[in-house]
Amino acid sequence: VVAPLATLPNWVREFEKWLPTLPVCRYHGPAADREDMFVRRLNPKQKRSATFPVIITSYEVAIKDEKKLNKIGEYTYLVVDE
């Protein structure tokens, strides 16, 4: 999910409310924190795992980390909130 920064907490809350068993990762914050998330929770080797989270991020971070996010592979769905 790519959305305006102000709506990221709302997206996380909605996923937690309606799909509580589905892992969610708010991919935002300083570069070091995002790198840590990428290494631990968003490891491309685990993308087929049931524990791989839905990624929720802002437009700015999606653009900054485009190459890194593309390493995860092809996405099944991309939701863009305007």
Is there side-chain contact between R26 and W11, with heavy atoms separated by less than 4.5 Å?
no
N/O donor-acceptor pair under 3.5 Å between D36 side chain and A32 backbone:
no
Cluster overlap V61 with I55, hydrophobic side-chain contacts below 4.5 Å:
yes
Going hydrophobic residue to hydrophobic residue with side-chain gaps under 4.5 angstrom, can you get from M37 over to I56?
no
Answer whether the closest heavy-atom distance between the side chains of V2 and V79 falls below 4.5 Å.
no
For H28, is there any backbone N or O sitting under 3.5 Å from a side-chain donor or acceptor partner on T57?
no
Between atom CD of E16 and atom OG1 of T21, what is the distance when rounded to the nearest 0.5 Å?
12.0 Å
Between F52 and I72, does a side chain to side chain contact (heavy atoms under 4.5 Å, CB included) hold up when you go through it step by step?
CA-CA 11 Å; F52 196 82; I72 293 172; 3.9 Å; yes
Do F38 and Y75 share a hydrophobic cluster (ILVMFWY, side-chain heavy atoms under 4.5 Å, transitive)?
yes
So for atom NZ, which belongs to K47, do other residues, nucleotides or ligands contribute more than 12 heavy atoms lying within a distance under 6.0 Å?
yes
To check you understand the geometry: which heavy-atom pair defines the closest contact between P53 and L42, and what is its length?
CG-CD2, 3.6 Å
Scanning both residues in full, the closest heavy-atom pair of V54 with F15 reads CG1-CZ, 3.9 Å
About how many Å separate OG1 of T7 and CD of E14, when rounded to the nearest 0.5 Å?
11.0 Å
Shortest non-hydrogen contact from Q46 to R40?
OE1-O, 3.9 Å
Is a side-chain donor or acceptor of R41 paired with a backbone partner of P23 at a separation under 3.5 angstrom?
no
Hey, quick one: are L22 and L8 part of the same hydrophobic cluster, counting side-chain heavy atoms closer than 4.5 Å, chains of contacts allowed?
yes
R34 side chain to G29 backbone, donor-acceptor under 3.5 Å:
yes
